[in-house]
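What you see below is based on every heavy atom in this structure, not just the backbone, and it leaves out hydrogens, waters and symmetry mates.
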Amino acid sequence: MVTWIERFGPGTDPDDGTLRVAVKDAIDVAGTVTTAGCAAVRDLAVPAVADAACLAGVRAAGARIVGKTNLTELCLSPVGDNALFGTPVNPLAPDRIPGGSSSGSAVAVATAEADLALGTDTGGSVRIPAACCGVVGLKTTWGRIPTDGVWPLARSLDTVGPLARDVAGVVTGMRLLEPAWTVAPAAARTVGRLRIDGVDPAYERAVDAALDVAGFSVRAVRLDGWNATHAAFDTIVISEFWQAHHALLDADGMSPLANGALRAGSAVSVEQLAEARSVQRAWRAELASALAEVDLLALPTLVAPPPLSTDFAGFPLTALTAPVNLAGLPAIALPIPAPPPIPVPGAVVPPGAVVPPGAVVPPGAAVFTSAAVPPSLQLVGPAFAEDLLCATALVVESRLRWSAPVGSSPLGDRG
């Protein structure tokens, strides 16, 4: 049960055509308790009287919600650990963190226990576990998907988004969240390449190789306000966390981490919050200006491979994701193979060969080496450009011959 906080009966046969949807236990499902991964919340909660608003399309499509997935306490940590319910095991690298806070959602789809999952993303909580577990995750534009019935971390930053084993699965998930939504008819043509200090050079090479193979026109982009976003993001999150949940301070079952976050939020002054909002406004304007010159921005999702589950302190998990949340923009994270140190032109893969972590490569296809956990490409778009992000990610996935793990469901055939 480490992946799940609650399962709803036996899993649906993945071959019977019924979509199996996992829901992060920060999202209300009628008749069940929403724990937010926290003992204090669980012990005080009553079953939800209605689904969260974002589940309306799931119900209308006849998809089956197969359970509530594990998460980090109160959606706070990007690590994916949970002392109360246990830590979901990263299926690609059991010694590495699964990423959070939507850890169970990523693991559920990576292990084919669900066809797609819904998570929340306030500072990277969909994209980080997607990157750690080798799946695809989409952070939606702030305000696009209703968050009524969703446990709030920071209301002005919280979003709901889908995770799946491939881009087609995320497309299906987006259609469940917004039934009238469609993929753009064409992918991006010009991609702005963003480079941030402190990223593993191998990850930068992987992103460059993926963009090159996909055939995009790539232009270097510089964002001078990037470094100032982190303090502003932290200030807004802890302030809004305190505003929403101050009654939980020192409640039975609250961890030192959660209590510490509440106390930090209580100490944020009006002036500090105003300064953070000022940085946020300037940052949004800077990103809008950059995205007026290119279609999308590209950078890694993580700065390096996921850290060991026994040694993650100090790893900057949100370094490349939280600035996107501060701007309220959409972003997609998808696995890409790491390029070999020395190119091998014309390399041929024997029929049926599998390149870790489960990507089947056709005979004669271009070969890329891959670590246990592949690098993850993050594409960032203008507000409400989820259609363009998915169209572009589909091209990247296709050009790289990157497929979902063996045994996954053909979500692309399900609309």
Looking at CZ of R144 and CZ of F384, how far apart are the two atoms once the value is rounded to the nearest 0.5 Å?
6.5 Å
Can a donor-acceptor pair be found, under 3.5 Å and without considering hydrogens, that links the side chain of D51 to the backbone of A30?
yes
Does CG belonging to D197 count more than 12 external heavy atoms closer than 6.0 Å?
no
Separation between OG1 (T122) and CH2 (W142), nearest 0.5 Å, reads 12.0 Å
Carboxylate-amine/guanidinium proximity below 4.0 Å for R205 and D212
no
Contact between D28 and V23 at the side-chain level, heavy atoms closer than 4.5 Å - yes or no?
no
Regarding R165 and E113, does a basic nitrogen lie under 4.0 Å from an acidic carboxylate oxygen?
no
Check P330 against A383 and note the closest heavy-atom contact, atom names and distance.
CD-CA, 3.9 Å
Heavy-atom side-chain contact between V136 and P335 under 4.5 Å
yes
side-chain contact (heavy atoms from CB on, under 4.5 Å) between W4 and N70, worked out:
CA-CA 5 Å; W4 304 87; N70 201 353; over 6 Å; no
I need the single residue from P374, C132, P98, P306 that forms a side-chain contact (heavy atoms from CB on, under 4.5 Å) with L92. Which is it?
P374
Check whether S239 reaches the backbone of I236 with its side chain - one donor and one acceptor, N or O, closer than 3.5 Å.
no
Does any part of the side chain of L249, heavy atoms only, come nearer than 4.5 Å to the side chain of N259, both counted from C-beta?
yes
Main chain of P323, side chain of T229: is a donor-acceptor contact present, judged purely on distance under 3.5 Å?
no
Any side-chain heavy atom of R263 sitting closer than 4.5 Å to one from D250?
yes
Which residue is it: L287, L291, L297? I am looking for the one with a side-chain contact (heavy atoms from CB on, under 4.5 Å) to V221.
L297
Give a yes or no on whether the backbone of V160 and the side-chain of T120 come within a donor-acceptor separation of less than 3.5 Å.
no
Could you tell me if the side chain of L248 sits less than 4.5 Å from the side chain of V41, heavy atoms only?
yes
Between H230 and W226, what is the ring plane arrangement, given parallel below 30°, perpendicular above 60°, and tilted in between?
perpendicular
For T140 against M174, the heavy-atom pair lying closest together
CG2-SD, 3.9 Å
Closest heavy-atom pair and its distance - P91, V107:
CD-CG2, 4.2 Å
Shortest non-hydrogen contact between C390 and V183, atoms and distance
C-CG1, 4.3 Å
Taking the side chain as everything from C-beta on, heavy atoms only, tell me whether D81 gets closer than 4.5 Å to S309.
no
Salt-bridge criterion met for D25 and K68 (N-O under 4.0 Å):
yes
Do S102 and S125 meet the criterion of a side-chain donor-acceptor pair at a distance under 3.5 Å?
no
Exam field: side chain S217 to backbone T190, donor-acceptor pair closer than 3.5 Å:
no
Stepwise side-chain contact (heavy atoms from CB on, under 4.5 Å) check, L177 with L55
CA-CA 7 Å; L177 290 169; L55 296 182; over 6 Å; no
From CG (L296) to CZ (R189), nearest 0.5 Å
12.0 Å
Determine whether a donor-acceptor pair (N or O, by modelled atom type, separation under 3.5 Å) exists between the side chain of Q272 and the backbone of S269.
yes
If you compare all heavy atoms of L257 against all heavy atoms of S77, which two are closest, and at what distance to 0.1 Å?
CD2-CB, 4.3 Å
Kindly say whether A333 contributes a backbone atom to a donor-acceptor pair with the side chain of T301 at under 3.5 angstrom?
no
Side-chain heavy-atom pair P382, L329 within 4.5 angstrom cut-off:
no
Any donor-acceptor N/O pair, E286 side chain to G225 backbone, under 3.5 Å
yes
Reported NZ-to-CD1 distance for the pair K139 and I128, which is rounded to 0.5 angstrom
12.5 Å
Please determine whether side chain to side chain donor-acceptor pair (under 3.5 Å) holds for the pair E240 and S156, giving the CA-CA distance in whole Å, both sets of side-chain angles, and the decisive distance to 0.1 Å.
CA-CA 8 Å; E240 294 191 359; S156 73; 2.6 Å; yes
Find out whether V303 and F315 are in side-chain contact, i.e. whether some heavy atom of one side chain is under 4.5 Å from a heavy atom of the other.
yes
Heavy atoms from other residues, nucleotides or ligands near CG of D252 exceed 12 (cutoff 6.0 Å):
no
Main-chain N/O of L211 paired with R399 side-chain donor or acceptor, under 3.5 Å
no
Inspect the surroundings of CZ in R155 and state if more than 12 heavy atoms from other residues, nucleotides or ligands are less than 6.0 Å away.
no
Under-4.0 Å salt bridge between K24 and D121:
no
Charged N-O contact under 4.0 Å between R193 and E204:
yes
Got more than 12 heavy atoms from elsewhere within 6.0 Å of CZ, R277?
yes
Working for side-chain contact (heavy atoms from CB on, under 4.5 Å), residues L320 and R127
CA-CA 10 Å; L320 305 183; R127 289 159 291 156; over 6 Å; no
Kindly determine whether L71 and F85 satisfy side-chain contact (heavy atoms from CB on, under 4.5 Å), including the steps that lead there.
CA-CA 9 Å; L71 66 157; F85 293 106; over 6 Å; no
Going by the angle between their ring planes, with limits at 30° and 60°, are H245 and W151 parallel, tilted or perpendicular?
parallel
With rounding to the nearest 0.5 angstrom, report the OG1 to CG distance, T159 to L153.
11.0 Å
Taking every heavy atom of L262 against every heavy atom of W242, the minimum-distance pair comes out as O-CE3, 3.3 Å
Separation between OG1 of T18 and CG of D115, rounded to the nearest 0.5 Å:
9.0 Å
Would the distance check show the side chain of E397 and the main-chain N or O of V167 forming a donor-acceptor pair, the cut-off being under 3.5 Å?
yes
